[in-house]
There are 2 protein chains.
Amino acid sequence: MTSRTERTRAALQSAALQLFTERGFDEVTVEEVAAAAGVSHMTFFRHFPTKEAAVLDDPYDPVLGDAVRAQPAALSPLERVRRALLMAWGALPEPGEGETRARVALVAGHDGLRAKAWANNQRTQDVLAEALVEGGVPSLEAHVAAGACLGALMAALLDWGAGGEGGLGDRISSALGQLAPPPTAEGGA
Amino acid sequence: MTSRTERTRAALQSAALQLFTERGFDEVTVEEVAAAAGVSHMTFFRHFPTKEAAVLDDPYDPVLGDAVRAQPAALSPLERVRRALLMAWGALPEPGEGETRARVALVAGHDGLRAKAWANNQRTQDVLAEALVEGGVPSLEAHVAAGACLGALMAALLDWGAGGEGGLGDRISSALGQLAPPPTAEGGA
DNA sequence: CACATGATGTTAGTCACTAACATGACGTGC
DNA sequence: GCACGTCATGTTAGTGACTAACATCATGTG
């Protein structure tokens, strides 16, 4: 039972993705996207706050906060965030590969989109940091841990979107692995 | 002998900073900034590509690339970037404390400005990663190292701008310190 | 003083985004 | 089935960032 709202929104998003990919983000007006979806430009803005938002649609934040809270407090903040992201990635429903690729490629190739993506990233960062702060981690340390992990993750994403060949999952684990503490010689887990 | 161009640019920047701080970024039009500096809005855009650019003015990138290249190749990419940033920070001429504070506070408190700041950050990230790639580091690893360090640094900056009391330098070293490898038990330097 | 050059002003336009009000589709109570 | 309310949408008019084309004014040079 997709409601009318959901259908319109999906139509807008899909029209936007296709037009932007074909002709470039800057060469397509919101007016055109709306027309392609069969609605007026006002309807576009009722569904998306900005032109960029039709491409950047990530409602994952709450999941991530909980994932951080689920980590053992004995670990360093950085390590808690790192594991939370790895865990959350594994648990997420893998979105359609092709479409994700198109979206990330768009973002990787356009300054304005990248900027907005970073802005979203920052919201996520705040959520992660908040979860750490609740657990007693000082604010600066919490934000730094979140910032470092998301910086790494974003780098992996953009690198993939810019033309990397492997799977996205592999890149993410590899990126976050780079932030892992080196294994102790004792073999302690 | 400051050229006319330089004087106009400085006037615009200072007018922008003052007006934005007084009344908020969104409540001041470019027109008003230009008027306060005694020029027309076209002149504003000849000096700054966007409204945000009058606040975000960081020409540090080239220095950072060289700082990375100066690090011993034996270190991990992450560690090379980390040390390069610490080194570069120490070598930079400390800019006027008050003005920097005002700028960072503006950025920390405004979504659009933060987004643009991240966009700049990405350029820096690319410069750092490039320096690593030249040294033989794979692209993904290089971008991740740069992303993580700059993510941490940005978090420290924004945290400071949002109302932290200590010195900025201390926060930066503390933030980057969080990414340092743990000291080995052997006491090896 | 004629001249070239570069910074600036003027004007008019595009486009993202917003506000106010009108219309149209849909289900609910009766 | 019909009045009614609600919610998605359309229409219109506006603001403000940013651009392009052309005019002007300052500056230094011969």
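As the structure is a prediction and not an experimental result, all values here were calculated from the model. All heavy atoms count here, side chains included; hydrogens, waters and symmetry mates do not. The sequence lines fix the lettering, A, B, ..., with proteins before strands; numbering per chain opens at 1.
Here C/dT8 is the nucleotide among D/dT9, D/dG10, C/dT8 with the atom lying nearest to any side-chain atom of B/T43.
Using a 4.0 Å heavy-atom cutoff across all strands shown, B/T5 reaches sugar-phosphate atoms only and no base atom.
Checking the phosphate oxygens (OP1, OP2) of C/dT10, no side-chain nitrogen or oxygen of B/S40 falls inside 4.0 Å.
Separating the CZ atom of B/R23 from the C1' atom of D/dG16 is a distance of 14 Å, rounded to the nearest angstrom. Separating the CZ atom of B/R9 from the P atom of C/dG6 is a distance of 18 Å, rounded to the nearest angstrom.
Pairs engaging residues 111-140 of chain A under the ring pair (Phe, Tyr, Trp, His ring centres under 6.0 Å) rule: A/W118-B/W118 [sequence neighbours left out].
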Donor-acceptor pairs under 3.5 Å, side chain of residues 65-76 of chain A to any protein atom, not counting sequence neighbours: which ones?
residue	atom	partner	partner atom	Å
A/R69	NH1	A/E134	OE1	2.7
A/R69	NH1	A/E134	OE2	3.1
A/Q71	NE2	A/A67	O	3.3
A/S76	OG	A/E79	N	3.1

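A salt bridge is defined here as a Lys NZ or Arg NE, NH1 or NH2 lying under 4.0 Å from an Asp or Glu carboxylate O, and B/R123 with B/D126 fails to meet this definition.
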Reading nucleotides 15-27 of chain C from the 5' end, what letters show protein touch, with B for base, S for backbone sugar-phosphate only, - for no heavy atom under 4.0 Å?
SSBBBB-------
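Remark: A/H110 engages A/F25 in a ring pair (Phe, Tyr, Trp, His ring centres under 6.0 Å) (not counting sequence neighbours). Taking A/D57 as the reference, A/R9 meet the salt bridge (charged side-chain N to carboxylate O under 4.0 Å, His left out) condition, with sequence neighbours excluded. Every residue two or more places apart in sequence or in another chain was checked for a side-chain hydrogen bond (donor to acceptor under 3.5 Å, both in side chains) with B/S40, and none qualifies.
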